[in-house]
There are 2 protein chains.
Amino acid sequence: MPYGDAMNARVRSEERRAEIVRAALEVIAERGYRGASLAAVAERVGLTQQGLLHYFPTKDALLVAVLKDRDQWDAVPATQWRVDLLASMVEYNAMRPGIIQTFSALLGESVTEGHPARGYFTGRYRQVRESMAAVLRAEYGERLPNGLTPERTAPLLVAVMDGLQYQWLLDPESVDMPGAFRDFLALLGEGA
Amino acid sequence: MPYGDAMNARVRSEERRAEIVRAALEVIAERGYRGASLAAVAERVGLTQQGLLHYFPTKDALLVAVLKDRDQWDAVPATQWRVDLLASMVEYNAMRPGIIQTFSALLGESVTEGHPARGYFTGRYRQVRESMAAVLRAEYGERLPNGLTPERTAPLLVAVMDGLQYQWLLDPESVDMPGAFRDFLALLGEGA
DNA sequence: AACGAAACCTACCGCGTTACAGGTAATGGA
DNA sequence: TCCATTACCTGTAACGCGGTAGGTTTCGTT
């Protein structure tokens, strides 16, 4: 089976890369991107730092893979989102602090000058705002409170999600993230 | 003038420290705390790295001074805040991206493990939520939309401010931070 | 004039960092 | 069986980092 074995090798390599990306997510959550050393990531998958560089030639390349991984992860078609699914997602997130912490840390770093993830986040947020505006329009039409348009409401929705994450990460016992998010949604529902 | 000159020396020293803190704010805005080197801060005030260590014996000590500086800055008695003043503050902030960037970067870093500013932010947000709840109560009493209490609304208010800051820092031309914040306040005013 | 402290500096240490160079063992296809 | 590729490793270069040690100059006080 010529192709079968070739596949096996490729699959194994791909699995290794995925394993590394997963480890990188963890280390970034713990130390941020700047604080995450290749050696620390490598150690977590049983490699030397130089062994890791065999899979990702530079640290930035690893970060790119991490970001792509996330893109793939929540690439749900925007049309399939509904507001109550957003609430469920927030609830789900509350059970996986690791990933939230990774991307909250990255988002914070990304506003600094010349950060390799800056472009990514700028583009992503532009796109997420668009998606959210579409979701809001599908759900409420133009009947949002105070004559708000979906386009003007979307940044608020996104801001609430992100802002709550920071408060929750810093002090999970004082902040009921899913509950607060539902409160916000209720605020939007008032106009209907 | 024995005491007068003594004061001059002390004042000059204090001024130097303030100058250093200001420089540190800038460098942290550009590179985050982990990425900010003492040498970079020192250079900005015309000192060597070791000369800076004469004023702040460790890097952490400098960070503490930076955080204290901020505390002092917005130590307005909570009772004097009003909701429309919050809107003004957001508007004012939109003209000073540097400081916002500093503390947005620090907030992002602070959720990582063992970050020296983590305790500070945890305590600060707890306190800010309390303040905001008081402000909301003074303004709206218990008549918030949907039967929301001030205590449950405060985290949302804080989250919107922080979340908008990130979106705005990443893409100032796409995000009207003060306008969006006013939109949110209008949402709260609906119930009155 | 003499002294003590403050305000710096030079020199240096030890460590951690990314990345490059080059070698080696295993693997799998021709 | 041979050979190329893959998957690592050791070694090392080159640098930046926070922090220490110890000296020197400046300055205010006595």
Asker: At their closest point, which heavy atom of A/Leu164 faces which heavy atom of A/Phe181, and how far apart are they?
Answerer: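 Closest pair (atom of A/Leu164, atom of A/Phe181, distance): CD1-N, 3.8 Å.
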Asker: Using the six-membered ring wherever Trp is involved, compare the ring planes of B/Tyr166 and A/Tyr166 and label them parallel, tilted or perpendicular (cut-offs 30° and 60°).
Answerer: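 Because their plane-to-plane angle is under 30°, the rings of B/Tyr166 and A/Tyr166 count as parallel.
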Asker: Do the side chains of B/Leu47 and B/Tyr55 get nearer than 4.5 Å, heavy atoms only?
Answerer: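 Yes, at least one pair of side-chain atoms sits under 4.5 Å.
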Asker: Indicate whether any N or O donor in one side chain lies under 3.5 Å from an N or O acceptor in the other, for A/Arg34 and A/Thr112.
Answerer: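 The answer is yes; a qualifying pair exists.
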Asker: Check each residue of residues 39-53 of chain B for a non-hydrogen atom within less than 4.0 Å of any atom in DNA chain C, then write out the ones that pass by number, or none.
Answerer: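 Hits under 4.0 Å, by residue number: B/Leu47, B/Thr48, B/Gln50, B/Gly51.
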Asker: Measure the distance from CZ on A/Phe56 to C1' on D/dC8 and round it to the nearest whole Å.
Answerer: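 After rounding, the reported distance stands at 15 Å.
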Asker: Is A/Arg12 close enough to D/dT6 that one of its side-chain N or O atoms is under 4.0 Å from OP1 or OP2 there?
Answerer: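 Result: no.
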Asker: Within the distance-only criterion (no hydrogens, no angle test), does the side chain of B/Gln101 pair as donor or acceptor with the backbone N or O of A/Val111 below 3.5 angstrom?
Answerer: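 Pair found, side chain donor or acceptor close to backbone of A/Val111.
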Asker: Ignoring hydrogens and angles, tell me if any N or O in the side chain of A/Arg182 forms a donor-acceptor pair with the backbone of A/Ala87 under 3.5 Å.
Answerer: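 Not at all, since once roles are kept as given, no pair shorter than 3.5 Å links the two residues.
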Asker: Spell out, as yes or no, whether a donor-acceptor pair under 3.5 Å connects the side chain of B/Glu109 to the backbone of B/Tyr33.
Answerer: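 Yes.
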Asker: Can you tell me how far P of D/dT5 sits from NE2 of A/His54, to the nearest Å?
Answerer: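 About 13 Å, once rounded to whole Å.
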Asker: Do any side-chain nitrogens or oxygens of B/Tyr55 fall under 4.0 Å of OP1 or OP2 in C/dC8?
Answerer: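 So the side chain of B/Tyr55 is within the cut-off, an N or O lying under 4.0 Å from OP1 or OP2 of C/dC8.
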Asker: With a 4.0 Å heavy-atom cut-off, tell me which residues in residues 19-37 of chain A come close to DNA chain D, sorted by residue number.
Answerer: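 Result for residues 19-37 of chain A: none.
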Asker: Heavy atom of residues 59-70 of chain A under 4.0 Å from DNA chain C: which residues?
Answerer: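 Here the set is A/Lys59.
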Asker: Quick check against the 3.5 Å criterion: does A/Ser110 have a side-chain atom that pairs as donor or acceptor with the backbone of A/Ala117?
Answerer: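 No; zero donor-acceptor contacts below 3.5 Å.
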Asker: So, the side chain of B/Gln167 versus the backbone of B/Val175: is there a donor-acceptor pair under 3.5 Å, distance only?
Answerer: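 No: the side chain of B/Gln167 does not pair with the backbone of B/Val175.
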Asker: Considering just the side-chain nitrogens and oxygens of B/Ser13, establish if one lies under 4.0 Å of OP1 or OP2 belonging to C/dA7.
Answerer: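 So the side chain of B/Ser13 is within the cut-off, an N or O lying under 4.0 Å from OP1 or OP2 of C/dA7.
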Asker: A/Arg16 side chain N/O closer than 4.0 Å to the phosphate oxygens (OP1, OP2) of D/dC8?
Answerer: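 Looking at the OP1 and OP2 atoms of D/dC8, one of them is under 4.0 Å from a side-chain N or O of A/Arg16.
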Asker: For the residue pair B/Tyr140 and B/Gly189, what are the closest heavy atoms and their distance?
Answerer: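 Closest approach of B/Tyr140 to B/Gly189, heavy atoms only: CE2-CA, 3.9 Å.
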Asker: Without swapping roles, check the side chain of A/Arg129 against the backbone of A/Val158 for a donor-acceptor pair under 3.5 Å.
Answerer: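 It does not hold such a pair.
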Asker: Would you kindly give the CZ-to-P distance between B/Arg17 and C/dA6, to the nearest whole Å?
Answerer: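 These atoms are roughly 13 Å apart.
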